[in-house]
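Only one structure is covered here, and it is reproduced in the block below.
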There are 2 protein chains.
Amino acid sequence: MADPRERLEQLLRALKDQGHRLTPQRLAMLKVIARSEGHPGVEQIYERIKGDFPTTSLATVYKTVSLLKEMGEVLELSLAHVGNRYDGNKPYPHPHVICTKCGQILDPEFAAMAGISQEMARQTGYQITHHQLNFFGLCPKCQQDGQSA
Amino acid sequence: MADPRERLEQLLRALKDQGHRLTPQRLAMLKVIARSEGHPGVEQIYERIKGDFPTTSLATVYKTVSLLKEMGEVLELSLAHVGNRYDGNKPYPHPHVICTKCGQILDPEFAAMAGISQEMARQTGYQITHHQLNFFGLCPKCQQDGQSA
DNA sequence: ATATGTGCAAATGGTTTGCAGTGAG
DNA sequence: CTCACTGCAAACCATTTGCACATAT
């Protein structure tokens, strides 16, 4: 995981460079997104901001997330079960392992995707720009809970 | 791709075996789903049925798709851009290559996922039950359209 | 005969939008 | 000073649900 402090700097610079304004609401959001602890959804981002800056509205969070998406500074995980989640710390495609019971999300190590992506491009003639790789199952804790329950 | 006729038989048997009724609406749907030509969404399934059996309602399509999902007889692709799409012909996880412009979806060949899945399980301690692997980009036709336009 | 399935229309829920007011630049 | 941003509330849209009727078994 990138250093959140550094990542925050990058995000601030990206905003400024593209002529967007830095409001207190956005600063609060960017702090949350720079770490993206636990791959938060819009709702979680909203909750975490309220401490920092209580008057923010959900609509604003949606708008800023959407802006960051367009800028390529957050990765959106569209997960049917769990809703949309975001990663602004590693905003490039990478695999995720998702617990279908508690919703916990991990970033496992897996380097080979670039090669596989090329192979798919060769095989299909598509010009591949990005991908999505998600594994679903039970996390160790939920496996235990299931046994004893 | 599995033979649609055979696949239809399997689906009919699965319904009956699990004590569900076979209505004309369902038969019409199952025919569409057994081939799953182009990985249709609910709306497309609905459109294709109307020829065969015009009084079907959208709600019924949703209900039956949902039933088949629970039965494990269709694979749901949750695609943010393009909406939910279904594959009732190969209802187990397999990779997809999706055109972000026209929405075309291909099933490329790629055998190595089982091994990768195991590796992820070992690395994370998760009990992995299924996965999702999607590649996004431009299909050959849309690449051309983009150049000349 | 019975309860599952259908079809309508209303409810839901996450996300987007319109717009008047606010504040960053 | 201006225009982008905010926040509220209304609009959206895919999906789900409730319920009375129809029908597969």
Side-chain angles (χ1 to χ4, degrees), chain A residues 11-33 39-50 52-71 73-86 103, chain B residues 11-33 39-50 52-71 73-86 103:
Chain A
L11 288 171
L12 291 171
R13 198 171 316 122
L15 261 197
K16 170 179 285 190
D17 287 355
Q18 299 184 39
H20 300 292
R21 294 181 183 172
L22 180 63
T23 63
Q25 293 87 330
R26 282 190 176 169
L27 178 56
M29 273 197 67
L30 291 181
K31 285 182 190 168
V32 172
I33 287 182
H39 304 75
V42 169
E43 202 69 41
Q44 283 112 306
I45 296 172
Y46 178 60
E47 290 306 324
R48 292 178 198 177
I49 287 169
K50 288 210 289 198
D52 232 310
F53 197 87
T55 65
T56 314
S57 82
L58 240 195
T60 298
V61 178
Y62 273 105
K63 284 168 185 163
T64 297
V65 166
S66 180
L67 174 63
L68 292 170
K69 241 192 296 178
E70 282 167 32
M71 293 170 58
E73 299 292 343
V74 288
L75 177 72
E76 183 177 63
L77 316 192
S78 345
L79 303 174
H81 334 279
V82 157
N84 285 339
R85 303 290 210 88
Y86 299 91
Chain B
L11 289 171
L12 291 172
R13 198 170 316 121
L15 261 197
K16 170 179 287 188
D17 287 355
Q18 298 184 38
H20 300 291
R21 294 181 184 172
L22 179 63
T23 63
Q25 294 89 328
R26 284 190 174 168
L27 178 56
M29 274 197 66
L30 291 181
K31 285 182 191 170
V32 171
I33 286 182
H39 303 76
V42 169
E43 202 68 42
Q44 283 111 304
I45 296 171
Y46 178 58
E47 291 305 325
R48 291 178 199 176
I49 287 170
K50 289 212 289 200
D52 231 310
F53 197 87
T55 65
T56 315
S57 83
L58 240 195
T60 298
V61 178
Y62 273 105
K63 284 168 186 166
T64 297
V65 166
S66 180
L67 174 63
L68 292 170
K69 242 192 296 179
E70 281 167 33
M71 293 170 57
E73 299 292 342
V74 288
L75 177 71
E76 181 176 63
L77 315 191
S78 344
L79 303 173
H81 333 280
V82 157
N84 284 341
R85 304 291 209 87
Y86 299 90

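Keep in mind that the numbers below use all heavy atoms, side chains included, and drop hydrogens, waters and symmetry copies. Numbered from 1 within each chain, the chains take letters A, B, ... in sequence-line order.
Looking at A:V42 and A:N84, their side chains never come closer than 4.5 Å, going by heavy atoms from C-beta outward. Looking at heavy atoms from C-beta onward, B:M29 lies in side-chain contact with B:V65 at the 4.5 angstrom threshold. When side chains are defined from C-beta on, B:L68 counts as touching B:L30, because their heavy atoms get closer than 4.5 Å.
Among pairs with a residue in residues 53-66 of chain B, none fulfils salt bridge (charged side-chain N to carboxylate O under 4.0 Å, His left out), at least two apart in sequence or across chains.
Across residues 73-82 of chain A, not one residue has a non-hydrogen atom less than 4.0 Å from an atom of DNA chain C.
A:E43 pairs by the side-chain contact (heavy atoms from CB on, under 4.5 Å) definition with A:Y46, A:E47, A:L58, not counting sequence neighbours. Considering only residues two or more places apart in sequence or on other chains, A:T56 meets the side-chain contact (heavy atoms from CB on, under 4.5 Å) condition with A:Q25, A:I49, A:F53, A:T60, A:V61. Contacts of B:A59 classified as side-chain contact (heavy atoms from CB on, under 4.5 Å), with partners at least two apart in sequence or in another chain: B:S57. Remark: B:K69 pairs with B:E76 by the side chain to side chain donor-acceptor pair (under 3.5 Å) rule, at least two apart or across chains. In this structure A:Q44 satisfies the side chain to side chain donor-acceptor pair (under 3.5 Å) test with no other residue, sequence neighbours excluded.
Regarding B:R85, its CZ atom lies at a distance of 12 Å from the P atom of D:dT15, rounded to whole Å. For A:D17 and C:dG25, the CG to C1' distance is 15 Å, given to the nearest whole Å. For A:Q18 and C:dG25, the CD to P distance is 15 Å, given to the nearest whole Å. What separates CG of A:L68 from C1' of D:dC5 is a distance of 14 Å, to the nearest Å. For A:L27 and D:dT6, the CG to C1' distance is 16 Å, given to the nearest whole Å. The distance between atom CG of B:L67 and atom P of C:dT6, rounded to the nearest whole Å, is 9 Å.
At the phosphate of D:dG7, OP1 or OP2 sits under 4.0 Å from a side-chain N or O atom of A:T55. For D:dG7, the OP1/OP2 oxygens have a side-chain nitrogen or oxygen of A:T60 closer than 4.0 Å.
Summary of helix geometry: the two end axes of the helix from C:dA1-D:dT25 to C:dG25-D:dC1, each defined by five base pairs via their C1' atoms, are inclined to each other by 40° (rounded to 10°).
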Could you write out each protein N or O paired with an N or O of nucleotides 21-25 of chain D at a distance under 3.5 Å?
| residue | atom | partner | partner atom | Å |
| --- | --- | --- | --- | --- |
| D:dA24 | O3' | B:L22 | O | 3.4 |
| D:dA24 | N3 | B:R21 | NH1 | 3.2 |
| D:dT25 | OP1 | B:L22 | N | 3.1 |

| task | Sugar-phosphate means primed atoms, P, OP1 and OP2; the rest is base. With that split, encode nucleotides 9-22 of chain C 5' to 3' as B, S or - using protein heavy atoms under 4.0 Å. | result | -----SBBBB----
In a table with atom names and distances, give each donor-acceptor pair under 3.5 Å that connects a side chain of residues 12-22 of chain B to protein atoms at least two apart or in another chain.
none

